[in-house]
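As structure tokens, the structure follows; a few thoughts come after it.
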Amino acid sequence: MFEVLSAYWPHILAVLSITMGAVAAVHAAMTKREVRSAIGWVGVIVLSPLLGALIYAVVGVNRIRRKSLISRRALHLDELWRTLSHYGVSREAVDNHFGSRMAGLKTLGDRVAKHALSSGNRIDMLSSGAETYAAFCEAIDAAERSIILETYIFDRDAAGLRVADRLIAAHKRGVTVRVLIDAVGARYSVPSIIGYLVDAGVSVATFNGKVIMGLRLPYANLRTHRKILVADGAVAFLGGMNIRAAFEGDEAARDTHFRLTGPVVADIFAVAAEDWHFETGEILTGADWGVAPFAAEPGTPSFVRTVVSGPDTNLETNHKIMMGAFSVAEKSIRIMSPYFLPDNILLGALATAARRGVTVDIVIPAQNNLAIVSHAMAAQFDQILKDGSRIFRAQGPFDHSKLMTVDGQWSFIGSSNLDSRSLRLNFEIDLEVFDADFARTIEARIDASLEGAEPVTQEELRRRPFVYRLFDRFLWLGSPYL
């Protein structure tokens with residue numbers, strides 16, 4: 001055998017290269033939604049024999065076909081069905097409260113999202129790591145039946161250990177605890193928090209962690225970016241906050257998270273339960289996982305919908321919802337994002353809104369935690385300003401918040417950044433909220449970040465040396481995978 005390989009290895013290599021390249025190129029041509037993406041991948045595959053096909057296999061296949069996705073019905077939430085139906089929101093109700101444009105946006109959500117718009121919800125904003133982790137610990141300590149936590153990063157530092165110790169204590173007093181951490185995010189700290197929890201008997205899984213042994217190599221680039229905590233099916237937490245000490249202290253990085261009660265908790269729980277089932281095969285049923293009764297009356301604000309996005313059957317749901325919101329805007333679009341790298345479709349929608357007379361304000365951090373992303377973002381600024389939008393650099397510590405409002409009536413909050421990774425590669429969870437009072441709360445948070453902020457101007461951008469601008473554009477070329 002060795003002699004055969006020694007004599008014919010060039011021929012074998014050539015056959016492998018042609019076969020793998022052909023399969024990869026055909027797959028790219030048949031599955032990519034954009035012409036430029038398909039052409040780019042075919043070029044990489046053809047010009048880099050073997051290596052190009054391997055790169056495509058790891059980072060170019062962006063769709064997981066989850067064969068066993070479960071629904072509320074599989075979670076035995078049937079008994080909740082009739083109750084939940086009373087909290088449904090009609091198009092007429094949205095029209096009466098917010099006008100016909102927002103009613104149209106509600107209809108869009110009905111058609112592209114899997115979760116219904118529900119009434120009778122309450123949302124409380126948590127504007128710092130200290131406030132968020134304290135609320136986590138309070139909910140965990142109060143839990144009597146069950147806790148499920150899903151997150152991207154869960155560091156083994158002071159903040160992470162404090163939350164982990166509360167989870168361990170809950171497990172020891174008989175609460176059913178499940179923790180799902182992204183396989184990439186779990187490696188942000190060494191040693192990982194996973195061993196700490198497992199040693200104490202807590203059930204922990206890593207999302208998409210078996211990329212080699214589990215034959216998920218084509219999906220190694222796909223991550224859960226969701227941040228969910230649900231306790232006793234009664235209270236849920238959702239937003240942009242990872243669990244790490246970097247978000248605590250006076251000079252710490254900033255972020256915004258949310259505490260929720262009401263019917264939307266059932267939807268948030270169902271998302272986390274689906275992800276847990278996908279990774280472990282366990283269906284979370286029984287008395288421990290029941291959803292608590294709702295306190296608010298049907299028909300009362302906030303009107304909230306869970307928006308689930310990811311490289312599966314929910315591909316680009318967040319993208320579609322935002323496109324709809326930009327299209328109906330009449331007065332204002334306000335965006336706060338740490339990583340503002342939207343595609344040309346979203347940029348075109350923002351430009352069209354600005355040309356219609358809508359005030360479009362985009363707030364980004366002056367100091368970004370990812371220098372590469374900061375440079376790639378700067379490559380788009382000139383065109384954004386030309387099209388009529390305004391960009392502000394918020395001073396102070398890095399702000400990881402993802403906030404959006406339209407016309408002071410509609411808000412979009414959650415885990416999604418405005419970049420290709422969040423819009424096409426990551427598993428994300430967001431909320432669209434029809435509530436003027438809540439929108440004012442979000443806008444007040446944005447206004448606070450604007451105090452002392454520096455506007456980005458075209459003159460400033462053009463004064464930058466050519467080599468810096470060229471460097472920005474070079475990094476911008478890699479924005480789909482930053």
**Asked** Between the main-chain N or O of Arg156 and the side-chain N or O of Ser189, is there a donor-acceptor pair closer than 3.5 Å?
**Response** yes
**Message:** Are the side chains of Ile335 and Phe326 in contact, using a 4.5 Å heavy-atom criterion?
**Reply:** yes
**Request:** For the pair Asp472 and Arg464, find out whether any cationic side-chain nitrogen is under 4.0 Å from an anionic carboxylate oxygen.
**Result:** yes
**Prompt:** Are Thr107 and Arg91 close enough that a side-chain donor and a side-chain acceptor fall under 3.5 Å?
**Reply:** yes
**Asked** Does the side-chain contact (heavy atoms from CB on, under 4.5 Å) test come out yes or no for Leu385 and Thr457, once each step is laid out?
**Response** CA-CA 7 Å; Leu385 294 173; Thr457 65; 5.5 Å; no
**Item:** Tyr188/Tyr152 under ring-ring contact (aromatic ring centres under 6.0 Å, His included): CA gap, chis, key distance, verdict
**Value:** CA-CA 10 Å; Tyr188 272 61; Tyr152 176 51; 5.7 Å; yes
**Prompt:** Does the side chain of Lys331 come within less than 4.5 Å of Thr359's, by heavy atoms?
**Reply:** no
**Fill in**
Rounded to the nearest 0.5 angstrom, the CG-CG distance for Leu229 and Leu167 is 7.5 Å
**Asked** What are the two closest heavy atoms between Pro263 and Gly120, and how far apart are they?
**Response** CD-O, 3.6 Å
**Message:** Can you confirm whether Leu423 sits close enough to Leu346 that some side-chain heavy atom of one is under 4.5 Å from a side-chain heavy atom of the other?
**Reply:** yes
**Asked** Can a salt bridge be assigned to the pair Arg393 and Glu454 using a cut-off of 4.0 Å between side-chain N and carboxylate O?
**Response** no
**Message:** Tell me if a side-chain donor or acceptor on Thr132 pairs with a main-chain N or O of Ser128 at a distance below 3.5 Å.
**Reply:** yes
**Heavy-atom check, side chain of Leu431 versus side chain of Phe438, under 4.5 Å** = no
**Prompt:** Between the side chains of His319 and Asp343, does any donor sit under 3.5 Å from an acceptor?
**Reply:** yes
**Asked** Can you name the side chain to side chain contact (heavy atoms under 4.5 Å, CB included) partners of Ser309, sequence neighbours left out?
**Response** Val307, Thr317, Asn318, Glu428
**Request:** For Ser449, check side chain to side chain contact (heavy atoms under 4.5 Å, CB included) against everything at least two apart and list the hits.
**Result:** Met336, Val363, Ala394, Arg445, Ile446
**Prompt:** Is a side-chain donor or acceptor of Arg390 paired with a backbone partner of Asp361 at a separation under 3.5 angstrom?
**Reply:** no
**Prompt:** Between Phe434 and Phe98, how do the two ring planes meet: parallel, tilted or perpendicular, split at 30° and 60°?
**Reply:** tilted
**Request:** Give the minimum heavy-atom separation between Ala234 and Ala292, together with the two atoms involved.
**Result:** CB-CB, 3.6 Å
**Prompt:** Do Arg334 and Leu450 have side chains that get closer than 4.5 Å, going by heavy atoms?
**Reply:** yes
**Request:** Mind checking side chain to side chain contact (heavy atoms under 4.5 Å, CB included) for Ala205 and listing every partner two or more places apart, or none if nothing turns up?
**Result:** Leu180, Trp276, Glu279, Thr280
**Prompt:** Can you name the one residue among Leu418, Asn417, Asp399 that meets side-chain contact (heavy atoms from CB on, under 4.5 Å) with Pro338?
**Reply:** Asn417
**Prompt:** Counting heavy atoms not belonging to Gln458, are there more than 12 under 6.0 Å from its CD?
**Reply:** yes
**Message:** Salt bridge or not between Asp255 and Arg244? Use side-chain N to carboxylate O under 4.0 Å.
**Reply:** no
**Arg305 with Asp110: basic N within carboxylate O range, under 4.0 Å** = yes
**Request:** Under the side-chain contact (heavy atoms from CB on, under 4.5 Å) rule, what do Ile228 and Ile148 come out as? Steps first, then yes or no, please.
**Result:** CA-CA 8 Å; Ile228 299 172; Ile148 184 167; 5.5 Å; no
**Prompt:** At their closest point, which heavy atom of Ser302 faces which heavy atom of Val433, and how far apart are they?
**Reply:** CB-CG1, 4.1 Å
**Request:** Over 60° means perpendicular and under 30° means parallel, so classify the ring planes of Phe427 and Phe207, tilted if in between.
**Result:** perpendicular
**Prompt:** Passes side-chain contact (heavy atoms from CB on, under 4.5 Å), Asp382 versus Arg462? Steps please.
**Reply:** CA-CA 8 Å; Asp382 186 61; Arg462 290 165 184 166; 3.8 Å; yes
**Request:** Determine, for Asp407 against Arg101, whether the closest basic-nitrogen to carboxylate-oxygen distance falls under 4.0 angstrom.
**Result:** yes
**Request:** Flag yes if more than 12 heavy atoms outside Glu138 fall under 6.0 Å of its CD atom; otherwise flag no.
**Result:** no
**Prompt:** With distance as the sole criterion, is a donor-acceptor pair present between the side chains of Asp387 and Gln383 under 3.5 Å?
**Reply:** yes
**Asked** Side chain of Ser119, backbone of Tyr87: donor and acceptor closer than 3.5 Å?
**Response** yes
**Complete:** Here the pair of heavy atoms bringing Phe154 nearest to Val163 is CZ-CG1, 4.1 Å
**Message:** Between Arg473 and Ala379 (side chain of the first, backbone of the second, donor and acceptor by atom type, cut-off under 3.5 Å), is there such a pair?
**Reply:** yes
**Heavy atoms of other groups near Arg122 CZ, more than 12 under 6.0 Å** = no
**Fill in**
In short, Asn426 meets Pro311 closest at the heavy-atom pair O-CD, 3.6 Å
**Request:** Mind running side-chain contact (heavy atoms from CB on, under 4.5 Å) on Trp289 and Arg178 for me, showing each step along the way?
**Result:** CA-CA 11 Å; Trp289 298 105; Arg178 299 289 183 267; 3.8 Å; yes
**Request:** Give a yes or no on whether the backbone of Val89 and the side-chain of Lys106 come within a donor-acceptor separation of less than 3.5 Å.
**Result:** yes
**Request:** Show your reasoning for whether ring-ring contact (aromatic ring centres under 6.0 Å, His included) applies to Phe237 and His257.
**Result:** CA-CA 7 Å; Phe237 296 87; His257 219 70; 7.0 Å; no
**Prompt:** His375 side chain to Phe471 main-chain N or O, any donor-acceptor pair under 3.5 Å?
**Reply:** no
**Prompt:** Between the side chains of Ser374 and Asn368, does any donor sit under 3.5 Å from an acceptor?
**Reply:** no
**Request:** Report yes if the side chains of Val456 and Leu461 come closer than 4.5 Å at any heavy-atom pair, otherwise no.
**Result:** yes
**Asked** For the residue pair Val230 and Ala236, what are the closest heavy atoms and their distance?
**Response** CG2-CB, 4.0 Å
**Request:** Please examine the side chains of Phe136 and Ile243, heavy atoms only from C-beta on, and report whether any two atoms are closer than 4.5 Å.
**Result:** yes
**Prompt:** Sub-3.5 Å donor-acceptor pair from the side chain of His115 to the main-chain atoms of Val308, do we have one?
**Reply:** no
**Prompt:** Distance-only, no hydrogens or angles: does the Asp419 side chain make a donor-acceptor pair with backbone N or O of Tyr339 under 3.5 Å?
**Reply:** no
**Message:** Is there a side-chain contact between Ile429 and Glu150 in this structure, where contact means two heavy atoms from C-beta onward sitting under 4.5 Å apart?
**Reply:** no
